[in-house]
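Here is the structure we will look at, set down as structure tokens.
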Amino acid sequence: AIVDQGITNNFNAFVEIKNVKHGDKPVFMIEDNALFNVATIASGTNNLRRQRIDRTSLNVSTNYKGVKIYEELERFLAGRVDWAKLVNRVQQSFIAQIGKDIFGALKAGYQGLSAPYAYTGTFDLTQFNTLVSHVEAATNRQVMVAGTKLALQKVTPAYVAYNGGAIDLRNKDGYFKIVDGVPLLEIKQAHDINSTNFAIDNNFLLVIPSGEEKIVKMVVEGDSEIKEVTNENADESLEYVFKKKYGVGVITANKYGVYNLS
């Protein structure tokens, strides 16, 4: 439950989590955002070319991922080990890994984007607003822009009173929460496991439409599996195993935008 809550807290704006039973393979149906062509016709005729909205499907494959930790019994009995703290670190490790998987799926899913939904370059407010406008026009929704704090810090408005309230809020939050009417959403940064490398690209801005349809689909298959060993090992060591079967997929049928900052 703590792992699932951590995912929801960090990625709820654009990740839909579906919990299913073992063996279930949900299919996500996605409608195209295209509009119907409206024709000019003669009076009294219904001889029009028929049109329909295409629907695509997304199947998310799942795989087990797990963590196994141990500790010597004597260290535990001597009070040198906080077992609950170690278990909590397992939970934190899983949340970090899932976040990395979500971002990796996003990057892979949008490598095929082309203009006008993808742009690479230094931050330019006109180009930023143009990209936002294309996504809004394609989806008929207001958009938000998501990125790490270091990425969002590069998104700046043109007109700011540098002794005004906007600067105070920027210093408080670390970035402007709204730029030219577009809300900015922070994705919490994390380190790669046992590394000082950032798990999430600090030069990546995701332009996504607001609304019920979330672009990332995460399927959690079955319950998390936990096994705790206290007195079964020959060396009397303690063990804790945590396993979770899940998968992440990204909708590419609808229109979204990516701003790669250089």
Side-chain angles (χ1 to χ4, degrees), residues 7-8 11-63 101-121 124 126-147 179-185 187 204-221 246-260:
I7 304 167
T8 301
F11 301 100
N12 184 59
F14 54 91
V15 177
E16 177 186 352
I17 303 174
K18 180 164 287 192
N19 293 276
V20 301
K21 296 179 180 179
H22 278 294
D24 289 351
K25 302 295 180 184
V27 177
F28 298 92
M29 301 303 300
I30 302 102
E31 288 190 356
D32 195 295
N33 287 317
L35 298 177
F36 294 114
N37 290 318
V38 179
T40 301
I41 58 176
S43 175
T45 182
N46 292 318
N47 188 20
L48 293 166
R49 177 176 293 178
R50 296 188 303 174
Q51 303 173 63
R52 63 185 299 271
I53 295 294
D54 290 331
R55 302 183 77 198
T56 57
S57 61
L58 173 66
N59 295 277
V60 178
S61 60
T62 57
N63 295 285
D101 292 341
I102 289 172
F103 184 76
L106 280 170
K107 291 281 284 187
Y110 291 99
Q111 285 178 348
L113 279 181
S114 58
Y117 300 105
Y119 180 80
T120 299
D124 178 83
T126 299
Q127 183 59 53
F128 174 80
N129 285 324
T130 300
L131 178 57
V132 166
S133 296
H134 277 298
V135 176
E136 286 182 336
T139 61
N140 198 30
R141 299 186 206 165
Q142 185 183 14
V143 305
M144 65 179 72
V145 173
V179 173
D180 283 10
V182 180
L184 307 185
L185 174 71
I187 301 174
F204 181 84
L205 294 173
L206 183 65
V207 183
I208 50 180
S210 304
E212 296 181 359
E213 186 65 71
K214 298 179 179 180
I215 64 174
V216 179
K217 307 297 184 183
M218 179 176 177
V219 174
V220 179
E221 187 176 343
Y246 69 88
V248 179
V250 178
I251 298 174
T252 56
N254 292 340
K255 296 295 186 284
Y256 309 96
V258 168
Y259 199 129
N260 287 297

* Identify, with sequence neighbours excluded, every residue that meets ring-ring contact (aromatic ring centres under 6.0 Å, His included) alongside Tyr117. =>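 Tyr117 satisfies ring-ring contact (aromatic ring centres under 6.0 Å, His included) with no residue once adjacent residues are dropped.
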
* Asked: Can you name the residues that form a ring-ring contact (aromatic ring centres under 6.0 Å, His included) with Phe28, not counting sequence neighbours?
  ->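 Once residues adjacent in sequence are excluded, Phe28 has no partner under the ring-ring contact (aromatic ring centres under 6.0 Å, His included) criterion.
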
Would you mind reporting whether [Y] and [X] have side-chain heavy atoms less than 4.5 Å apart?
X	Y	result
Ile215	Leu106	yes
Ile251	Lys217	yes
Lys25	Val20	no
Phe14	Ile187	yes
Phe128	Val145	yes
Lys214	Val15	no
Tyr119	Asn260	no
Asp124	Tyr259	yes

* Between the side chain of Gln142 and the main-chain N/O of Ser210, is any donor-acceptor distance below 3.5 Å? -> no

* **The single option from Thr62, Asn19, Asn63 passing side-chain hydrogen bond (donor to acceptor under 3.5 Å, both in side chains) against Glu221** =>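 Of the listed residues Thr62, Asn19, Asn63, the side-chain hydrogen bond (donor to acceptor under 3.5 Å, both in side chains) partner of Glu221 is Thr62.
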
